[in-house]
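Here the structure is laid out as structure tokens; the discussion comes afterwards.
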Amino acid sequence: MAANNASAAASKRGWYSHHQVAKSARTTTRTATTTCSSCSSSSSSSSSSSSSSSSSATTTSVRRRRGEIIVPKAIQRKAGSNYSETSIQFWKYQGLGNDFILVDNRESDAPKISPERAALLCDRNFGIGADGVIFAMPSPDPSKFDYKMTIYNSDGSEPEMCGNGIRCLARFVADLDKDQRGKKYNVSTLAGLIVPEVREDGQVAVDMGTPILNASNVPSTLKDCERSHEMTVDGEKWLANAVGMGNPHCVVYKKANGEMISDVYGLDLPKIGPIFEKHETFPAKTNTEFVQVVDKGRVKMRVWERGAGCTLACGTGACATVVAGVIEGHVDRKCVVELPGGPLEIEWREIDDKIIMTGPAEPTFEGTTALGV
Ligand SMILES: N[C@@H](CCC[C@H](N)C(=O)O)C(=O)O
């Protein structure tokens, strides 16, 4: 199988929530308290940022008491906009409800917004609200790339890649430059070269490259990527596949007793998601996809994202879902992944081992925001 050869060549290519209440940012550790509208429970997740940027330490976090949300004054002060400060223009784009603040950063090599400020801007109550901030950066090598994509998750951590995000980035630069439809963009990411094309019909088709199926490069300590392995989470045993799409993914189709997931919407993601995310078998933490098979060409998937929590869609997660599904014999190489935010078409080509992801990316609004203190 092509999967066996996958990604020897690919060097190691390496969280949100629309339900999110608030979060605090520290220099090295971030804590997010999240609640999910589909269930009443709340959970906390924390991550170490791969970003080298730092800010003054803030140890505040939102607490909840008998349904009451307690927001520390420090967060209220930091998140509030002060238009006497320097402000910048931003655009909001979304791909299947996975939404991002886009910044035109093509004039400077340094992102205009710090990871800590990005986390505050992503807050749905105290900021603009988004699953992440994406910067259109200058090309690191104009002979190879048109642009570079830098992205911060909603907790301020920096992932290697984002599938919905790269569709939004392509549509963003196409809109800014009034490019003809059909143009392909060579984008440099921490996962290597990724090539989105904004098609005539407005859909964006992306050459996502080849999946990483070498466990230590995912990175995962699960024995290998060629089959599923048992993982115990909150006392329950699941079967999981490790797949790398530049960023790490843990894909779950069934319980260890062989029982397939029959209702993804019945799972308590805010409870089990953070445990998968920080599971010892994924040393860089992980995104986790929970999958219900409809038939060989269609699955329903829900995701718990590293650094962003329960989101409406995850492009890299949809790709990893199909890769794991093919390996396990659950789906065909061409498969529609139905996410809470809508469907993504995924094809894992046998001929060159590459994955093509096709889906929408739309602008929602633009505005101006203070850069913060
Ligand atoms: N949370 C992810 C990065 C974002 C993934 C994304 N939403 C997608 O569409 O692929 C991570 O930390 O790896």
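The chain is numbered in sequence order, starting from 1. Quick caveat: nothing in here was measured; it's all calculated off a predicted structure. Any value given below was found using the heavy atoms of this structure, including those in side chains, with hydrogens, waters and symmetry copies removed. Start at 1 and go down the list; that is how both ligands and their atoms are numbered.
Contact detail for Pro248 and Phe282: the closest heavy-atom pair is CB-CD2, 4.5 Å.
Atom numbering of ligand 1 starts at 1 in the shown order; those under 4.0 Å from a heavy atom of Cys314 are 5 (C), 6 (C), 8 (C), 9 (O), 10 (O). In summary, the atoms of ligand 1 found under 4.0 Å from a heavy atom of Asn164, numbered by their order in the structure, are 8 (C), 9 (O). Heavy-atom proximity to Gly315, at under 4.0 Å, picks out these atoms of ligand 1: 8 (C), 9 (O), 10 (O). Near Pro159, with a cut-off below 4.0 Å to any heavy atom, the atoms of ligand 1 are 3 (C), 11 (C), 12 (O), 13 (O). Near Gly163, meaning under 4.0 Å from any of its heavy atoms, are these atoms of ligand 1: 8 (C), 9 (O), 10 (O). Short contacts between ligand 1 and Asn98, defined as distances under 4.0 Å to a heavy atom of the residue, involve ligand atoms 6 (C), 7 (N), 9 (O). The atoms of ligand 1 that sit less than 4.0 Å from any heavy atom of Asn247 are 2 (C), 3 (C), 11 (C), 13 (O).
Between Asn247 and Thr316, the side chains place a donor N or O and an acceptor N or O closer than 3.5 Å (distance only, hydrogens not considered). Thr321 and Glu289 are not linked by any side-chain donor-acceptor pair at a separation below 3.5 angstrom, with hydrogens and angles left out of the test. Residues Glu328 and Asn241 have side chains that bring a donor and an acceptor to within less than 3.5 angstrom of each other.
Residue Met245 places no heavy atom under 4.0 Å from ligand 1. Not close to ligand 1: Thr311, with no non-hydrogen atom less than 4.0 angstrom away.
Counting only distance, with no hydrogens or angles, the side chain of Gln292 and the backbone of Ser262 share a donor-acceptor pair below 3.5 Å.
On a distance-only criterion, Gly165 and ligand 1 share no N/O pair closer than 3.5 Å.
With a heavy-atom cut-off of 4.0 Å, Glu160 does not touch ligand 1 at all. Contacts with ligand 1 closer than 4.0 Å are made by side-chain heavy atoms of Asn287 only, the backbone lying farther away. The side chain of Asn153, and not its backbone, has at least one atom closer than 4.0 Å to an atom of ligand 1 (non-hydrogen atoms only; side chain from C-beta on).
Side chains of Leu169 and Pro196 form no contact here, defined as non-hydrogen atoms less than 4.5 Å apart. Side-chain atoms of Lys223 and His229, non-hydrogen and from C-beta on, do get closer than 4.5 Å to each other.
Residue pairs meeting the side-chain hydrogen bond (donor to acceptor under 3.5 Å, both in side chains) criterion with at least one member in residues 164-177, sequence neighbours excluded: Tyr93-Asp175, Asn98-Asn164, Arg106-Asp177, Tyr147-Asp177, Asn164-Arg167, Arg171-Asp175.
Note: Trp304 and Phe276 fail the aromatic proximity criterion, with ring centroids not under 6.0 Å apart.
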